[in-house]
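Working notes, structure below.
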Amino acid sequence: MSTPTQRLLSLLNLEEIGENRFTAHAPETTVQRVFGGQVAAQSLMAAMRTVDEDRQVHSLHSSFFHHGDPTIPIIFEVDRVRDGRAFSNRVVTAYQEDRPIFMMITGFHIQEPGPEHQITRPVVPWPDEVADVLPDMVKRGVPWLADQFPGSEAIKVNLVQPLDVQAAVQANTLQLWFKSAEPINGDMRLHACFLTFASDMALLIPAVLPHMPTPTTRYQLASLNHSIWFQRPVKFDDWLLYNMRSCRAAGARGTAQGHVYTRDGELVATITQEGLIRPQGDTGQMATGLDHKGRLINP
C-alpha cells in the first residue's frame with residue numbers, strides 16, 4: 001500500500017512523451033473535474049523538467065480555461081521562452097484532447113544575494129495548539145473531501161480559527177498551518193510543487209464566507225487564475241503558516257491574497273487568486289461549496 005505522500009508524488013511524476021511534452025498519472029476520483037492545484041503543480045513540474053537544477057522557481061502566473069476531465073489524460077507542452085545568464089522563462093499549456101484547459105507562465109532564477117525586507121508574520125497559535133481540520137471535517141460528515149481534492153490526504157492542515165462567517169467578517173482573514181503529511185526528499189523543486197498544489201485548496205474561502213447570509217445560499221466556485229511569488233526556497237515538510245485575506249468581491253468574482261511564513265517568521269511565498277463565486281440560489285448545484293456557517297457541503 002502506498003502512502004498519501006507517495007500518491008501525490010506519483011501525480012507529479014510526469015512521463016516525457018516527446019520533446020518538451022509530458023503527461024501525468026491520473027488520480028482515482030469520483031468528481032467530474034480536475035482539481036486546479038493538481039494541474040498547476042503538474043504544469044510547474046513540467047516547466048522544471050526543462051530548466052537547469054540550479055535555477056529555482058521565483059514566480060508562476062496561471063489561468064484556468066476549462067474544467068479538466070479526470071478520465072482524460074492531460075498533455076503538458078512547454079515553450080522554452082528564454083534562458084539568460086540568471087533567469088529562465090517557460091510557458092506551459094495543459095491540453096485535453098487538443099483543447100487547452102490551463103496555461104502557466106513561470107520564471108526561474110539563480111540564487112543571488114541582495115537587499116531584504118518583509119512584512120511581519122501575524123501572531124497566531126502554534127500548529128500543535130490548533131485542530132487538524134481535515135479529519136474533523138470527515139468526522140462531521142464530509143468523507144468526500146479527499147475526492148474533491150485528490151492528493152489532499154498528503155497535506156496536513158491545522159486551522160487557526162473556526163471556519164465560520166462571523167470570524168471571517170470580523171477578521172477578514174483565514175489562517176491555517178499546513179505541511180506535507182510525510183517528509184519529502186531533498187529535491188527542493190518538489191517542495192515548491194507541493195506548495196503550489198496545496199495553495200489552491202483554501203484561498204478562495206475568505207472571498208466567499210462573508211456572503212452567506214442564509215442556510216439555503218449556494219455558490220458555484222471555480223478558480224479563474226492563480227499566481228505565486230516564491231520569495232525564498234520553500235520547505236514544505238515543515239509547518240508553514242498560510243495567512244489569507246480577501247480584498248474584494250464583485251461581479252460574481254472574488255480576489256484573495258495569501259502570505260506563507262515559516263515557523264521562524266520568514267515570508268517565503270505570496271499567493272493571489274481570482275475565483276468565480278456565482279450565486280446559485282436555493283436550487284443551485286455545484287461540485288464544491290460551503291453552507292451558511294462556512295462548512296464544506298456535499299451537494
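Owing to the predicted nature of the structure, the values given are computational and were not obtained by experimental measurement.
Minimum heavy-atom separation, Arg49 to Leu14: NH1-O, 3.0 Å. Minimum heavy-atom separation, Ala207 to Ala249: O-CB, 4.2 Å. Residues Ala202 and Leu176 approach most closely at CB-CD2, 4.0 Å, considering heavy atoms. Pairing each heavy atom of Val234 with each of His191, the nearest pair is O-CB, 3.0 Å. Residues Leu204 and Gly254 approach most closely at CD1-O, 4.2 Å, considering heavy atoms. Across all their heavy atoms, Gly258 and Leu203 have their closest contact at N-CD1, 3.9 Å.
Atoms CD and OG1, from Gln42 and Thr23 in turn, are 8.5 Å apart once rounded to the nearest 0.5 Å. Atom CG of residue Asp69 and atom NE2 of residue His67 lie 11.5 Å apart, to the nearest 0.5 angstrom. Separating the CZ atom in Phe194 from the CD1 atom in Ile184 is a distance of 4.5 Å, to the nearest 0.5 Å. The CD atom of Gln257 sits 7.5 Å away from atom SG of Cys247, with the distance rounded to the nearest 0.5 Å. Taken to the nearest 0.5 Å, the NZ atom of Lys235 stands 7.0 Å off from the CE atom of Met188. To the nearest 0.5 angstrom, Leu11 atom CG is 5.0 Å from Gln38 atom CD.
Gln175 places no side-chain N or O within donor-acceptor distance of the main-chain N or O of Val160, the cut-off being under 3.5 Å. Asp52 places no side-chain N or O within 3.5 Å of a backbone atom of Asp54 that could act as its donor or acceptor partner. In this structure, the side chain of Gln118 engages the main chain of Gly265 through a donor-acceptor pair within 3.5 Å. Using modelled atom types, one side-chain atom of Gln231 and one backbone atom of Thr270 make a donor-acceptor pair closer than 3.5 Å.
Phe87 and Ile105 fall into different hydrophobic clusters, defined by Ile, Leu, Val, Met, Phe, Trp and Tyr side-chain heavy atoms under 4.5 Å apart, directly or through other members. Transitive grouping of hydrophobic side chains (ILVMFWY, heavy atoms separated by less than 4.5 Å) keeps Ile75 and Leu12 in distinct clusters. Hydrophobic clustering (ILVMFWY, side-chain heavy atoms < 4.5 Å, transitive): Ile17 and Ile72 are in distinct clusters. If you chain together hydrophobic residues whose side chains sit under 4.5 Å apart, Met103 and Val81 fall into the same group. Val124 and Val130 end up in the same hydrophobic cluster when Ile, Leu, Val, Met, Phe, Trp and Tyr side chains are linked at under 4.5 Å.
Thr50 and Arg80 are not linked by any side-chain donor-acceptor pair at a separation below 3.5 angstrom, with hydrogens and angles left out of the test. No side-chain donor-acceptor contact under 3.5 Å links Asn225 and Ser63.
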**Request:** Please step through side-chain contact (heavy atoms from CB on, under 4.5 Å) for the pair Val78 and Val91, ending with a clear verdict.
**Result:** CA-CA 6 Å; Val78 182; Val91 174; over 6 Å; no

**Request:** Check step by step if side chain to side chain donor-acceptor pair (under 3.5 Å) holds for Asp264 and Thr262.
**Result:** CA-CA 5 Å; Asp264 294 334; Thr262 67; 4.9 Å; no

**Asked** Phe64 and His226: ring pair (Phe, Tyr, Trp, His ring centres under 6.0 Å), yes or no, with the steps?
**Response** CA-CA 8 Å; Phe64 298 87; His226 195 80; 7.1 Å; no

**Message:** Go through it in stages, so that I can follow the logic: the residues are Asp83 and Phe108, the test is side-chain contact (heavy atoms from CB on, under 4.5 Å), and I'd like the CA-CA distance, side-chain angles, deciding distance and then a yes or no.
**Reply:** CA-CA 9 Å; Asp83 284 305; Phe108 298 84; over 6 Å; no

**Asked** Given Gln273 and Asp200, is the side-chain contact (heavy atoms from CB on, under 4.5 Å) satisfied, shown in steps?
**Response** CA-CA 8 Å; Gln273 184 176 86; Asp200 190 37; 2.6 Å; yes

**Message:** The test is side-chain contact (heavy atoms from CB on, under 4.5 Å); show your working for Leu44 and Val92 and say whether it passes.
**Reply:** CA-CA 8 Å; Leu44 177 57; Val92 183; over 6 Å; no

**Message:** Using the rule given for side chain to side chain donor-acceptor pair (under 3.5 Å), can you reason through Asn243 versus Arg121, listing the C-alpha separation, both sets of side-chain angles and the distance that settles it, and then say yes or no?
**Reply:** CA-CA 8 Å; Asn243 186 64; Arg121 189 195 68 192; over 6 Å; no

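Side-chain contact between Phe76 and Met45 is absent, with no heavy-atom pair separated by less than 4.5 Å. Side-chain contact between Arg245 and Pro206 is absent, with no heavy atoms from C-beta onward closer than 4.5 Å. Side-chain atoms of Leu241 and Pro122, non-hydrogen and from C-beta on, do get closer than 4.5 Å to each other. The shortest side-chain heavy-atom distance between Arg232 and Glu116 falls under the 4.5 Å cut-off. Phe236 has its side chain within reach of Ile155: a pair of non-hydrogen atoms, C-beta onward, lies under 4.5 Å apart. Looking at Leu195 and Phe230, their side chains come closer than 4.5 Å, going by heavy atoms from C-beta outward. With a 4.5 Å cut-off on side-chain heavy atoms, Pro127 and Lys179 do not count as touching. The shortest distance between side-chain heavy atoms of Trp239 and Asn158 falls below 4.5 Å.
Classification of the Tyr242-Phe178 ring pair by plane angle, with boundaries at 30° and 60°, yields parallel. Between His61 and Trp229, the ring-plane angle classifies as perpendicular under the 30° and 60° cut-offs.
A salt bridge does not link Lys156 with Asp237: every distance from a Lys NZ or Arg NE/NH1/NH2 to an Asp or Glu carboxylate oxygen is 4.0 Å or more.
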